[in-house]
Amino acid sequence: MSNIQNLDPGLPPPLIRLDGLSKRFALPNGTRFDAVKNVSLQVRQGDIFGLVGKSGAGKSTLLRLINLLERPDHGSVTVDGRELTALGKRELREARQGIGMIFQQFNLLQNASVFDNVAFPLRIHGRWRAAEIAQRVHECLALVDLAEKVDAHPAQLSGGQKQRVAIARALASRPSVLLCDEPTSALDAETTQSLLATLRDINARLGVTIVIVTHELAVVHTLCRHVAVIEDGAVAEQFALAETGAARKTVLGRTLARLVAAPPQDEAVAYA
């Protein structure tokens, strides 16, 4: 039975639909850990959707299930009308061009220039000519206010600049969805606010749907429109922040604070 909660009845179908997702990992001691348990969610086009919870709750695993970096043991993933879990390898590679992803530790190519880092996903797909790649790289760097860093290398950049390069790279193939896995955790408070402003601007200007994993209350309140609280691999609660009054926001804050403050599950931390 689906447990999808329709946050906005009467609107068109969601851009992202997760139905009955479960994922189990084998642990070194021979036991198994249920990282995601029968999760169903939907994310509307143009939304900024937060997945929040303590370390080990399963939120990052759930994020990776959206683009099938982790393949679910059960359930289906549909993005932009295509059921990814039903696609073959070639079709899945094509579908993933519409899903960008950024990570906590940036994942940049250290020996490559900023230009080559942003150009990388365009080159591996093999459908872009050199002139088109150059134009798109400069467009994406302009979007994140790093046009002047085109020839720099990651070692010459601050943490915030590295994350902006990662965003530019994720946007290069013009995705409809941007998945963000704890993108501000390695940044200070001021840089975090600047990066959130960049993500908000990208959402507003390009209409890119953003799903962000975070345990930071500031990120939730500054950026997200809808939030799902993930606890022990399942959806504990959902909130529509734009429709939430002050009292409800206080409840949300206490809920998140309780989850974040709670000690992580030791064996589950690797699958957070």
- [ ] Kindly compute the distance separating CZ (F106) from CZ (R169), expressed to the nearest 0.5 Å.
- [x] 11.0 Å
Open item on the list: Surrounding CZ of F120 (heavy atoms of other residues, nucleotides or ligands, distance under 6.0 Å), is the total greater than 12?
Closed with: no
- [ ] Go through L15 and V177 one step at a time and tell me if the side chain to side chain contact (heavy atoms under 4.5 Å, CB included) criterion holds.
- [x] CA-CA 9 Å; L15 184 69; V177 175; 3.6 Å; yes
- [ ] Quick one: closest heavy-atom pair of R71 and T85, and the distance?
- [x] NH1-O, 3.7 Å
Task: N-O pairing of D151 and K149 below 4.0 Å - done: no
TODO: Please name the pair of heavy atoms, one in N117 and one in A112, separated by the smallest distance, quoted to 0.1 Å.
DONE: ND2-O, 3.3 Å
Open item on the list: For D80, give me all partners under side-chain hydrogen bond (donor to acceptor under 3.5 Å, both in side chains), at least two apart in sequence or on another chain.
Closed with: none
Task: Side-chain donor/acceptor of K59 to backbone N/O of D181, under 3.5 Å - done: no
Open item on the list: Given 3.5 Å as the limit, does a donor-acceptor pair link the side chain of Q163 with the main chain of G160, or not?
Closed with: no
Task: Rounded distance (nearest 0.5 Å) linking atom CH2 of W128 with atom CD of Q135 - done: 8.5 Å
Open item on the list: Treating E70 as the side-chain partner and L63 as the backbone partner, does any N or O pair qualify as donor plus acceptor under 3.5 Å?
Closed with: no
Open item on the list: On a heavy-atom basis, which atom in A95 and which in L87 lie closest, and how many Å separate them?
Closed with: CB-CD1, 3.9 Å
Task: Positive for side chain to side chain contact (heavy atoms under 4.5 Å, CB included) with L41, one of L62, I16, D19 - done: L62
- [ ] Without swapping roles, check the side chain of K54 against the backbone of E231 for a donor-acceptor pair under 3.5 Å.
- [x] no
Open item on the list: Would you compute the distance between atom CG of L143 and atom CG of D201 and round it to the nearest 0.5 angstrom?
Closed with: 7.5 Å
Open item on the list: Within the 4.5 Å heavy-atom criterion, are L146 and V114 side-chain neighbours or not?
Closed with: no
- [ ] Of all the heavy-atom pairs spanning A172 and C140, show the shortest one and how long it is.
- [x] CA-SG, 3.6 Å
TODO: Please report the C-alpha distance between V144 and Q161 in whole Å, then the side-chain angles of each, then the deciding distance to 0.1 Å, and finally whether the side chain to side chain contact (heavy atoms under 4.5 Å, CB included) criterion is met.
DONE: CA-CA 9 Å; V144 297; Q161 289 171 333; over 6 Å; no
Task: I230 CD1 to Q238 CD distance, which is reported to the nearest 0.5 Å - done: 8.0 Å
Task: V52 with L196, same ILVMFWY side-chain cluster at under 4.5 Å - done: no
Open item on the list: With heavy-atom distances below 4.5 Å as the criterion, would you say the side chains of T191 and S158 are in contact?
Closed with: no
Open item on the list: Using the rule that Ile, Leu, Val, Met, Phe, Trp and Tyr join whenever any side-chain heavy atoms are under 4.5 Å apart, tell me whether F239 and I212 fall into a single cluster.
Closed with: no
Open item on the list: Between P72 and K23, is there a side-chain heavy-atom distance shorter than 4.5 Å?
Closed with: no
Open item on the list: When you measure from the side chain of T192 to the backbone of D188, do you find a donor-acceptor pair of N or O atoms at a distance under 3.5 Å?
Closed with: yes
TODO: For E182 and S60, test the side chains for any donor-to-acceptor distance below 3.5 angstrom and give the result as yes or no.
DONE: no
Task: Least distance between heavy atoms, P175 atom then A170 atom - done: CG-O, 3.3 Å
Task: 4.5 Å side-chain heavy-atom contact, V165 and K162 - done: no
Task: Contact check, side chains of M101 and L178, non-hydrogen atoms, under 4.5 Å - done: no
TODO: Following the transitive rule for hydrophobic clusters with a side-chain heavy-atom cut-off under 4.5 Å over Ile, Leu, Val, Met, Phe, Trp and Tyr, establish whether L206 and L141 coincide in one cluster.
DONE: yes
Open item on the list: I'd like to know if the side chain of R17 reaches the main chain of S76, judged simply by a donor and an acceptor atom lying under 3.5 Å from each other, with no hydrogens or angles considered.
Closed with: no
TODO: Using the side chain to side chain contact (heavy atoms under 4.5 Å, CB included) rule, take V235 and V229 through it: C-alpha gap first, then chi angles, then the decisive distance, then the call.
DONE: CA-CA 6 Å; V235 177; V229 178; over 6 Å; no
Open item on the list: Any donor-acceptor pair under 3.5 Å linking the side-chain atoms of S173 with those of R136?
Closed with: no
Task: Short N-O contact, R174 and E139, less than 4.0 angstrom - done: yes
TODO: First locate atom CG of L18, then atom CG of N38, and finally report the distance between them rounded to the nearest 0.5 Å.
DONE: 11.5 Å
TODO: In sequence, state the C-alpha distance, the side-chain angles, and the governing distance for D232 and K37, and then conclude on side chain to side chain contact (heavy atoms under 4.5 Å, CB included).
DONE: CA-CA 8 Å; D232 295 328; K37 306 172 186 176; 4.2 Å; yes
- [ ] Ignoring hydrogens and angles, state whether a donor on the side chain of T198 or R164 is under 3.5 Å from an acceptor on the partner side chain.
- [x] yes
Task: Lys/Arg-Asp/Glu bridge criterion (N-O < 4.0 Å) met for R24, D73 - done: no
Task: Heavy-atom side-chain contact between P154 and L108 under 4.5 Å - done: yes
TODO: Look at the side chain of D34 and the backbone N and O of V36, then say whether any donor-acceptor pair between them is shorter than 3.5 Å.
DONE: no
Open item on the list: Would a single hydrophobic cluster contain both I102 and L195, if residues Ile, Leu, Val, Met, Phe, Trp and Tyr are joined by side-chain heavy-atom contacts under 4.5 Å?
Closed with: yes
- [ ] With the side chain counted from C-beta on, respond yes when I210 and R200 share a heavy-atom pair under 4.5 Å apart, and no when they do not.
- [x] no
- [ ] Flag yes if V211 and V208 sit in one hydrophobic cluster, no otherwise; membership is Ile, Leu, Val, Met, Phe, Trp, Tyr, and two members link when side-chain heavy atoms are under 4.5 Å apart.
- [x] no
Task: Spacing of OG1 belonging to T209 relative to CD1 belonging to I48, to within rounding of 0.5 Å - done: 9.0 Å
Open item on the list: Under a 3.5 Å distance rule, please check whether Q193 uses its side chain to pair with a backbone N or O of E190 as donor and acceptor.
Closed with: no
Task: N/O donor-acceptor pair under 3.5 Å between E132 side chain and R129 backbone - done: yes
TODO: Sequence neighbours left out, what pairs pass side chain to side chain donor-acceptor pair (under 3.5 Å) with at least one residue falling in residues 103-113?
DONE: S113-D116
Open item on the list: I'd like to check L27 versus R32 (side-chain heavy atoms, cut-off strictly below 4.5 Å). Are they in contact?
Closed with: no
Open item on the list: Checking T78 now: which residues fulfil side-chain hydrogen bond (donor to acceptor under 3.5 Å, both in side chains) with it, not counting sequence neighbours?
Closed with: none
